Amino acid sequence: MRIATWNVNSVTVRLDRLLAWLERSGTDVLCLQELKCEAAAFPTEALRARGYEAAVRADGRWNGVAVLSRVGLADVSGELVDGPAYEGATEPRTVAATCGGVRVRSVYVPNGREIGHPHYAYKLRWLAALRETVAPEAAAGTPFAVLGDFNVAPADEDVWDISLFEGATHVTEAERNALAALRETGLGDIVPRPLKYDRPFTYWDYRQLGFPKNRGMRIDLVYGNAPFAKAVQDAFVDREERKGKGASDHAPVVVDLEL
DNA sequence: ATGGCTGGTTCGACCAGA
């Protein structure tokens, strides 16, 4: 089974590339983030025509997540346990489903904007709620993984030049501690192969030739429990999808499982 | 063979992304 996660940065603009990528990659289960569409505008029919069911949570703003599956889609759940609100709204940033015997949760962790900004405190609260929500599933004896855009680089080598990140979000001790607490529920970091260069970056800024110069970050992560990790045959970043006109600024992370 | 932002919204300057 092939499972992947991809921040598509607007499913509306990216639909043709999404459909082409699904066919080219042969992905069975795909966790999507940053849909930027209303739930009613999600391309359910186009995906169904290609054999994929979809669990979608979206509200038309800068978030929105989904799980696509062509191997079954059951036990869909949305909200975090005691999940925080931002400016009074509970945002659609996660959805979980069981697909072909694997429990997956797609996450789009809040960006944080700046240290000290209310969005940064929200990000840390959101990660704490994620930990509480996934703890029982992580402890299960069946394969489970949290996949998505975590907006945190787990270590200094997960950004192209750590010296440029002083005082910035995505690399702070508090954010990394939140990831460590998440892993303590029984989840391990499934680190993908980069396919080119030495580090498996998953995001490159659109500006200043970020991709050609490989000024990237590894912020799209796959955290799997022991039964999931045991089934992993391969994992890689599909950087080909970052190329060309009309690419998302994130590349898909692909994981192959032998169940 | 990869190119100096892109997408969405308040319809066109501004916000958010990271």
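Just so it is clear, the model here is predicted, and its values are computed rather than measured. To find a chain, count down the sequence lines: A is the first, B the second, and so on, and within it residues start at 1.
Each of A:Val13 and A:His119 was assigned the nucleotide of DNA chain B with the nearest heavy atom; the assignment lying further toward the 5' end belongs to A:Val13.
Protein chain A contacts DNA chain B from B:dT2 to B:dA18, reading 5' to 3' and using non-hydrogen atoms of the protein with a distance under 4.0 Å.
As rounded to the nearest Å, B:dT10 and B:dT6 have P atoms that lie 22 Å from one another. The separation of B:dA18 from B:dC5, taken at their C1' atoms, amounts to 13 Å, rounded to a whole angstrom. Taking atom P on both nucleotides, B:dC15 is separated from B:dC11 by 14 Å, rounded to a whole Å. Comparing the P positions of B:dT9 and B:dG3 gives a spacing of 26 Å, expressed to the nearest Å. For B:dA1 and B:dG7, the P atoms lie 24 Å apart once the distance is rounded to whole Å.
Under the 30°/60° scheme for interplanar angles, the aromatic rings of A:Phe150 and A:Tyr223 are found to be tilted.
Checked for salt-bridge contact, A:Asp156 and A:Arg176 meet the test: a charged N lies under 4.0 Å from a carboxylate O.
Between the side chains of A:Asp238 and A:Trp6, not a single donor N or O lies within less than 3.5 Å of an accepting N or O.
Aromatic rings from A:Trp160 and A:Trp204 are positioned such that their centres are separated by 6.0 Å or more.
At a non-hydrogen distance threshold of 4.0 Å, nothing from residues 85-95 of chain A comes into contact with DNA chain B. Contacts between residues 204-218 of chain A and DNA chain B, defined by a heavy-atom separation under 4.0 Å, are made by A:Tyr206, A:Arg207, A:Gln208, A:Leu209, A:Phe211, A:Pro212, A:Met217.
Screening A:Glu91, A:Arg57, A:Glu34 against A:Tyr108 for a side chain to side chain donor-acceptor pair (under 3.5 Å) leaves a single residue, A:Glu34.
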